[in-house]
Structure formats: structure tokens, C-alpha cells
Amino acid sequence: MITAATTDAKAWARSLMAVVLAVGLSSCFLMRQPVPPPPPDPLRNVPRVPMSDEYLRSRAGDIMVFLPKTWFLVDTENNLSSDISGVAVNPAYTASLVLQMIRSNEIVRARVGREGLGGLAKYAYDQRAAKAPASLRLLRVVDTVEYAGKRYGYYEFTTDTAKVPTYSMRSAVCLSSEKTYYEISLIPTMVTAANLPSDEEFASVFQSVLVTALF
């Protein structure tokens with residue numbers, strides 16, 4: 001026999017089921033919503049320091065590296081290796097920016113084929129360490145870092161001399177539009193008694209150089 005209580009119980013059960021289904025469907029709908037992308041990192045696209053119209057340019061014209069404001073090109077009087085496109089310094093002569101070509105050979109091509117731009121960065125460091133008058137130490141390598149849509153291999157190194165025992169120097173390698181490898185380096189120079197820039201200042205300058213470079 002169906003009583004009023006039974007009818008009420010069934011009605012209550014149907015109501016509860018409707019609520020459960022509604023909540024479940026709503027949850028499924030919410031879970032299917034695409035996850036919004038993270039906001040763009042301004043440090044990947046906007047230079048941290050003011051930049052000028054002056055630039056280092058490769059001999060082939062396939063890469064241009066712009067200088068921070070007040071920096072200027074150094075007249076090397078053709079005393080440098082033909083692989084070096086140019087050198088720039090800050091007004092205090094405490095930091096220098098160098099653009100140079102990395103000559104391609106079977107070893108380089110094989111390294112890049114296996115390890116990408118990170119492999120090229122390690123190769124560039126090995127070449128630098130082999131020629132350096134002082135002992136260098138590799139601090140870190142980043143396989144690929146991107147600034148304003150441009151891809152670089154990146155490494156930091158230091159020298160173990162008493163003058164700058166832990167000062168971090170920076171280099172980035174890239175592949176130009178003409179399929180030529182280049183290295184951009186920011187290193188301290190100690191030709192005056194002025195204090196070296198802080199590590200934070202160095203990082204800001206190098207980030208700005210990589211953001212604005214064209215290749």
C-alpha cells in the first residue's frame with residue numbers, strides 16, 4: 001500500500017537526485033573549461049634598461065646587437081680576430097659587450113644536432129676556457145631561453161682569480177637568419193679604478209641586449 005509518507009520519500013529522493021545531477025553536470029562543465037594561459041612575462045619582451053640606436057653588427061649583416069644608452073663602440077683597429085664583429089663598453093669602462101661568430105664544423109653541427117642551443121652554449125664555453133689566460137669555471141647552462149620571440153642558448157661563468165673570484169659573466173649563443181652561429185657576451189673589464197656593476201645591473205643589461213637584438 002502506497003502511503004503519503006512513501007510518496008513524500010520518493011519525491012524527496014527525486015529532488016535529491018536532481019540536485020546531485022545538476023551539481024555533477026555543472027562540475028563537469030567547469031572542468032572542461034580551458035585553462036587560461038599565464039600572463040606574458042614582461043621581462044621576456046621589454047628591455048629593463050634604456051637602449052640606444054647604436055649597435056654591434058656582424059660582418060655579414062645577419063645580426064644586430066643594440067647597445068644600452070651611453071655605451072659606445074670601441075675602435076679595435078683591426079687588432080681582433082676576424083670572428084669578432086665588434087666590441088662596446090660602458091662609459092666607466094667596467095663592462096664590455098662582444099659579438100663574435102662561432103665557426104661551424106662537423107663537431108659544432110653534431111653537438112647542436114644532439115643537444116640544440118644548449119650544446120652550442122657548452123661548446124662555446126669549452127672554446128673560451130681553452131683560450132682563457134686564467135682558470136674559468138662554468139656556473140650554469142640554460143638549454144634554451146627566449147626573449148621577444150628569439151631563442152638563445154645561455155651560460156654563465158666566472159674566473160677563479162683573486163680579482164673577481166665569484167663575478168658572474170654571461171654569454172648567449174644563437175642561430176642567425178643566414179644559419180650562422182653567433183655568441184653575445186657581457187663581461188667585466190678592469191681598466192680603471194671604478195667599481196664594477198652589480199650582478200643585478202649586469203643581468204638587466206644583458207636581458208635588454210637579448211630582447212632587442214635582431215637576427
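Position 1 is the first residue of the sequence, and the numbers go up from there.
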Is any side-chain heavy atom of Trp71 less than 4.5 Å from a side-chain heavy atom of Ser52? no
Taking Met64 as the starting point, is it possible to reach Leu186 by hopping between hydrophobic residues whose side chains are less than 4.5 Å apart? yes
Of all heavy-atom pairs between Ala121 and Gly153, which one has the smallest distance, and what is that distance? CB-C, 4.1 Å
Are Arg170 and Tyr154 packed together at the side-chain level, in the sense that at least one heavy-atom pair is separated by less than 4.5 angstrom? yes
Distance (rounded to the nearest 0.5 Å) between Thr180 OG1 and Leu175 CG: 7.5 Å
Tell me, with the steps shown, if Val209 and Gln207 meet side-chain contact (heavy atoms from CB on, under 4.5 Å). CA-CA 5 Å; Val209 167; Gln207 179 269 356; over 6 Å; no
Pair Tyr181-Glu183, side-chain donor/acceptor within less than 3.5 Å: no
Hey, does the side chain of Ser208 reach the backbone of Arg48 with a donor-acceptor pair shorter than 3.5 angstrom? yes
Of all heavy-atom pairs linking Ser58 and Ser85, the shortest is CA-OG, 3.4 Å
Is the side chain of Glu54 donor-acceptor paired with the backbone N or O of Lys69 at a distance under 3.5 Å, no angle test? no
So CG of Asp62 and CE of Met101: to nearest 0.5 Å the spacing works out to 9.5 Å
If hydrophobic clusters are built by linking Ile, Leu, Val, Met, Phe, Trp and Tyr wherever their side-chain heavy atoms come under 4.5 Å apart, do Ile102 and Val142 end up in the same one? no
Measuring only between side-chain heavy atoms, which start at C-beta, is Ser177 closer than 4.5 Å to Phe215? no
Say you draw a straight line from CG of Leu210 to CZ of Arg151; how long is it, rounded to the nearest 0.5 Å? 14.0 Å
Report whether Leu136 and Tyr155 are members of the same hydrophobic cluster (ILVMFWY, side-chain heavy atoms less than 4.5 Å apart, transitive linking). yes
Do any N or O atoms from the side chain of Thr158 and from the backbone of Arg137 form a donor-acceptor pair under 3.5 angstrom? no
Drop me the distance from Asn45's CG to Lys150's NZ, to the nearest 0.5 angstrom. 8.5 Å
Flag, side chain of Ser96 to backbone of Ala88, donor-acceptor distance under 3.5 Å: no
So, Thr189 side chain and Tyr93 main chain: donor-acceptor pair closer than 3.5 Å or not? yes
Give, for atom CD1 of Ile63 and atom CD of Glu178, the distance between the pair rounded to the nearest 0.5 Å. 12.0 Å
Does any N or O in the side chain of Tyr123 come within less than 3.5 Å of the main-chain N or O of Arg111, such that one atom is a donor and the other an acceptor? no
Quick one: closest heavy-atom pair of Pro47 and Thr212, and the distance? CG-CG2, 4.1 Å
Is there side-chain contact between Phe202 and Pro188, with heavy atoms separated by less than 4.5 Å? yes
Would you call Arg109 and Ser104 a side-chain contact if the rule is heavy atoms closer than 4.5 Å? yes
Does a side-chain heavy-atom distance below 4.5 Å link Tyr182 with Ser176? yes
Give a yes or no on this: more than 12 heavy atoms of other residues, nucleotides or ligands lie within 6.0 Å of atom CG of Asn105. yes
What are the two closest heavy atoms between Asn90 and Pro197, and how far apart are they? ND2-CG, 4.3 Å
When rounded to the nearest 0.5 angstrom, what distance separates CG in Leu99 from CG in Asp83? 11.0 Å
Would you indicate whether Arg59, at its atom CZ, is surrounded by more than 12 heavy atoms from other residues, nucleotides or ligands within a distance under 6.0 Å? yes
Are Leu97 and Leu56 close enough that some pair of their side-chain heavy atoms sits under 4.5 Å apart? yes
Ignoring hydrogens and geometry, is there a side-chain-to-backbone donor-acceptor pair from Tyr147 to Tyr152 under 3.5 Å? no
Do the side chains of Val141 and Leu120 join up, straight or via other hydrophobic residues, at under 4.5 Å, putting them in one cluster? no
With side chains defined as the heavy atoms from C-beta onward, is the minimum distance between Val65 and Tyr55 less than 4.5 Å? no
Give a yes or no on whether Val173 and Ile107 share a hydrophobic cluster (residues Ile, Leu, Val, Met, Phe, Trp, Tyr; joining criterion: side-chain heavy atoms under 4.5 Å apart). yes
